Amino acid sequence: MSLAVRDLTPDTLDVPASISHRHLLDLDDWTPREIRTLLAGAERMREVQMRPGAKLDTLRGQVMVNLFYENSTRTRVSFELAGKKLGADVTNVTASASSVTKGESLIDTVRTLQALGANIVVVRSSQSGAPDVIAQNIAGTVLNAGDGWHAHPSQALLDLFTMERHLGDIAGRRIVILGDILHSRVARSNVWALTAMGADVVLCGPGTLLPPAAVALYTTRPVPGTGATRRVTVEPRIERALAGADVVMVLRLQRERQQAGLLPSLREYTLRYGLTPERLKLAQPSALVMHPGPMNEGVEIDPAVAHGAASVIEEQVTNGVAVRMTALDALASVEVGTGTERW
Ligand code: CP
């Protein structure tokens, strides 16, 4: 059923009903039901997003701070747009323009923001675990916008939302994550989310960029709520990995990896692991090509693939707003101290 924007009230959105998390730190402890609830809400939020000028007031009176210690375009802007669409007062703090440059600690910064009225903190940091530390030191809600190599849960949710808009239920689908798995917070959060929804995830990349214990890390952590074993395999041979894939998610290759001695050269990487039109033919004819961005076109992905018919890369960016609107709305609605919230 399609709802008119005027009908989209907190009751009709029905997002928070099945989500008991107060923070979005990662997705390893989210049940399939919670993820499904959030995706359903995002579908409705998308209607609000797509109507110019349309707004909800579910976060009216709430103060949201985007605390970005690392550069970002997509995540920062889409969180800002999402907060404003929900009626929150939104402000942005970057490390270079804050008292962090004078030596202020993370905890003192967060307490200062809280003293200024902030009750929703969206944080991007190069330090793995920074959002968890903030969550332990603030009375409000924390959303992880990417921390070190650890997690990028809102990216994984928007990736999943984009896949399901094209493929429907992804249970049993073959989803290949290609590239620098070792350093990728996007890959980590995606594996938790995709396997929770029953997908078969294949991790592919050079041996130096594939964590040795990747499969064990996931298969020893059953899906919460169902107890199902997560289905993850590692396949360093790209042709085998791509065979029959329903989705190919390409990861950015950071140029520093070559300086760190993990790759012979970027050219060698492109030759062996770059996603070209020829390699993409090994996947299903209807396969989707995804990339969290920013892309190094001509390195990990051929421009003809990045902008080709199979690419949903720009759609991922667009969907980020609706998904983040839903996450903000759902989490900020969980009442503190009721015993229903958990990390
Ligand atoms: N995907 C992603 O996190 O992009 P930004 O660094 O631009 O936010």
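Order of appearance sets the numbers: ligands from 1, and atoms from 1 within every ligand. Model, not experiment: these values are computed from the prediction.
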I'd like to know if Arg173 and Glu164 make a salt bridge, using a cut-off of under 4.0 Å between side-chain N and carboxylate O. no
Flag yes if Val317 and Val248 sit in one hydrophobic cluster, no otherwise; membership is Ile, Leu, Val, Met, Phe, Trp, Tyr, and two members link when side-chain heavy atoms are under 4.5 Å apart. no
For the residue pair Gln155 and Asp159, confirm or rule out a side-chain donor-acceptor distance under 3.5 Å. yes
Hey, what polar pairs (N/O, under 3.5 Å) does ligand 1 make with protein?
unit_1: ligand 1; atom_1: 1 (N); unit_2: Gln155; atom_2: OE1; d: 3.0
unit_1: ligand 1; atom_1: 1 (N); unit_2: Pro292; atom_2: O; d: 2.8
unit_1: ligand 1; atom_1: 1 (N); unit_2: Gly293; atom_2: O; d: 3.3
unit_1: ligand 1; atom_1: 3 (O); unit_2: Thr75; atom_2: OG1; d: 3.0
unit_1: ligand 1; atom_1: 3 (O); unit_2: Arg124; atom_2: NH2; d: 3.0
unit_1: ligand 1; atom_1: 3 (O); unit_2: His152; atom_2: NE2; d: 2.9
unit_1: ligand 1; atom_1: 6 (O); unit_2: Arg124; atom_2: NH1; d: 3.1
unit_1: ligand 1; atom_1: 7 (O); unit_2: Thr73; atom_2: N; d: 2.9
unit_1: ligand 1; atom_1: 7 (O); unit_2: Arg74; atom_2: N; d: 3.0
unit_1: ligand 1; atom_1: 7 (O); unit_2: Arg74; atom_2: NH1; d: 2.6
unit_1: ligand 1; atom_1: 8 (O); unit_2: Ser72; atom_2: OG; d: 2.6
unit_1: ligand 1; atom_1: 8 (O); unit_2: Thr75; atom_2: N; d: 3.0
unit_1: ligand 1; atom_1: 8 (O); unit_2: Thr75; atom_2: OG1; d: 2.6
unit_1: ligand 1; atom_1: 8 (O); unit_2: Arg124; atom_2: NH2; d: 3.1

So Trp149 and His183, would you call those rings parallel, tilted or perpendicular, with 30° and 60° as cut-offs? perpendicular
Salt-bridge test for Arg237 and Glu235: reply yes if a basic N is under 4.0 Å from a carboxylate O, no otherwise. yes
Arg174: what forms a side-chain hydrogen bond (donor to acceptor under 3.5 Å, both in side chains) with it, not counting sequence neighbours? none
